Amino acid sequence: MEEVQRHSVHTLVFRSLKRTHDFFVANQSLLPEIDENLEKTKFNIKARDTYGLVFDRTAKAKALSAKRGDADRTEAKDTVLALTAGEHEDNAVDSGNAQMALVPAVIPTSSQNTSNAVQILPKKAPTIPKPKWHAPWKLCRVISGHLGWVRCVAVEPGNEWFATGAADRVIKIWDLASGKLKLSLTGHVSTVRALSVSPRHPYLFSCGEDRQVKCWDLEYNKVIRHYHGHLSAVYTMSLHPTIDVLVTAGRDSTARVWDMRTKANIHTLTGHTNTVASVVTQAANPQIITGSHDSTVRLWDLAAGKSMCTLTNHKKSVRAIVLHPSLYMFASASPDNIKQWRCPEGNFIQNLGGHNSIVNCMAVNPEGVLVSGGDNGTMFFWDWRTGYNYQRFQAAVQPGSMDSEAGIFSMTFDQSGSRLITTEADKTIKIYKEDDEATEESHPINWRPEIIKRRKY
């Protein structure tokens, strides 16, 4: 009987591979044929996916050109340019960069021949709206009477008097028209840092570095309520315009919401990590806005008592916040720059740069004049809409004072917006008004529209 020869698996696999190789070795140098239709289809799909909108516009323009004929060639060209410009505007991402855009366009060149061409269209550069002319401001009155730094000021809603608080622990009430002292209120045992006059009640609210928040009845000129709760100095306060709520904030990094009548602490707004230097309130959301030395601005939900949004654009401490009287906007000030925001989300609008000092206070009137006061005594006047700085000067110090006492601690416009009241480190109160003799010819706007100022909407 014949013996069967056995081979290992490795040998069998090798033999199978060799047979396969020998079978196909003759076709090794022959590459597979290229399917041109398949490649063309792939290219068309990719082009349609990437440039479909441009192709559609081009087809529309081509049909329009053929329909109108040679007689309407000029009109067809304008239509094509309008279509391509519209497409470019729809897809533009950054409106601040002026650049040339390559836009495919079909422009008929002759009655028999219509060819595709690339039309170079300059993109329209963003322009700065011309600032509104404002008359320059000048000093018209200096009031002395306090024995320490004058830290705060508030104007009565009837525009007859205003109150100031100072480091001499006294609140003084002055006649706005004559500048004469009407009344002095004593009760604080440390510097008075903020004042607010109620528009619906005969009440004056004050707070200071003694951690006290007081409510003064102006019919009896005495304190009728105390609001206890702050753990450290109270630096700022604001009255809600429509409901009987008072908001105070200070060095304990919190803002506290008080019921004006019951003295109850409704909310304690926590979240800032450093001194809260400024707080404002408004009827619409966000009803409370705070600025802090932790370089942030927070927008608060009054009903929930929680932070809605935190704006972290500033690099240094935010010491002043001001609401525009008619626009749904506010501004915040820091040594790096002043920033404008749109409510309610806190959308950034623009930077106002140039006031390179600690900005302690700001004020804005219905005419769109924004004023900022610095710790070195500088005052900058801005056009709110365009951010154009049309006037700046150094406030003069009181004779006998040192130049280092030129700081401006607070400022406010009167109810008409025609008088600006500032309180300063030289222990004086200064009142400014617009120069009646100034004209647009004598004080022209130094406006250079070639400088592109980026705005974000």
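Quick caveat, the model's predicted, so the values are computed rather than measured.
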Sequence neighbours excluded - ring-ring contact (aromatic ring centres under 6.0 Å, His included) pairs with any residue from residues 253-310: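 Every ring-ring contact (aromatic ring centres under 6.0 Å, His included) pair that includes a residue of residues 253-310, provided the two are not neighbours, is Tyr227-Trp258.
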N/O donor-acceptor pair under 3.5 Å between Ser334 side chain and Ser317 backbone: yes
Tyr235: partners by ring-ring contact (aromatic ring centres under 6.0 Å, His included), with sequence neighbours left out: none
Partner residues of Gln394 under the side-chain contact (heavy atoms from CB on, under 4.5 Å) criterion, sequence neighbours left out: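 Scan of Gln394 (side-chain contact (heavy atoms from CB on, under 4.5 Å), adjacent residues dropped) gives Thr378, Ala406.
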Listed partners of Asn389 passing side-chain contact (heavy atoms from CB on, under 4.5 Å), at least two apart: Phe380, Trp382, Arg392
His201 and Tyr203 aromatic ring geometry - parallel, tilted or perpendicular at 30°/60° bounds: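 Tyr203 and His201: parallel rings.
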What donor-acceptor contacts under 3.5 angstrom involve side-chain atoms of residues 436-445, with partners at least two apart or in another chain?
{"residue": "Thr439", "atom": "OG1", "partner": "Glu441", "partner atom": "N", "Å": "3.4"}
{"residue": "Thr439", "atom": "OG1", "partner": "Ser442", "partner atom": "N", "Å": "3.2"}
{"residue": "Thr439", "atom": "OG1", "partner": "Ser442", "partner atom": "OG", "Å": "3.2"}
{"residue": "Ser442", "atom": "OG", "partner": "Thr439", "partner atom": "N", "Å": "2.9"}
{"residue": "Ser442", "atom": "OG", "partner": "Thr439", "partner atom": "O", "Å": "3.1"}

side-chain hydrogen bond (donor to acceptor under 3.5 Å, both in side chains) between Ser410 and Thr423, intermediate numbers included: CA-CA 5 Å; Ser410 69; Thr423 64; 2.5 Å; yes
Contacts of Glu209 that satisfy salt bridge (Lys or Arg N to Asp or Glu O under 4.0 Å) - sequence neighbours left out: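 Result, salt bridge (Lys or Arg N to Asp or Glu O under 4.0 Å) vs Glu209: Arg193.
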Rounded distance (nearest 0.5 Å) linking atom CG of Asn274 with atom CG of Asp252: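 Asn274 CG to Asp252 CG: 11.0 Å, rounded to 0.5 Å.
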Value rounded to 0.5 Å, distance of CZ in Arg385 from NE2 in His324: 11.0 Å
Whether the [X] and [Y] side chains hold a donor-acceptor pair (N or O, under 3.5 Å, no angle test) is what I'd like checked.
{"X": "His240", "Y": "Gln287", "value": "yes"}
{"X": "His134", "Y": "Asp383", "value": "yes"}
{"X": "Thr310", "Y": "Arg298", "value": "yes"}

Ring centres under 6.0 angstrom apart (Trp384, Phe330): no
Residue from Thr268, Ile288, Thr281, Thr248 passing side-chain contact (heavy atoms from CB on, under 4.5 Å) with Val257: Ile288
Ionic contact status for Asp435 with Lys138, cut-off 4.0 Å: yes
Test: Asp375 and Arg319 ion pair at under 4.0 Å: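 Between Arg319 and Asp375 there is no salt bridge, as every charged N stays at least 4.0 Å from the carboxylate O atoms.
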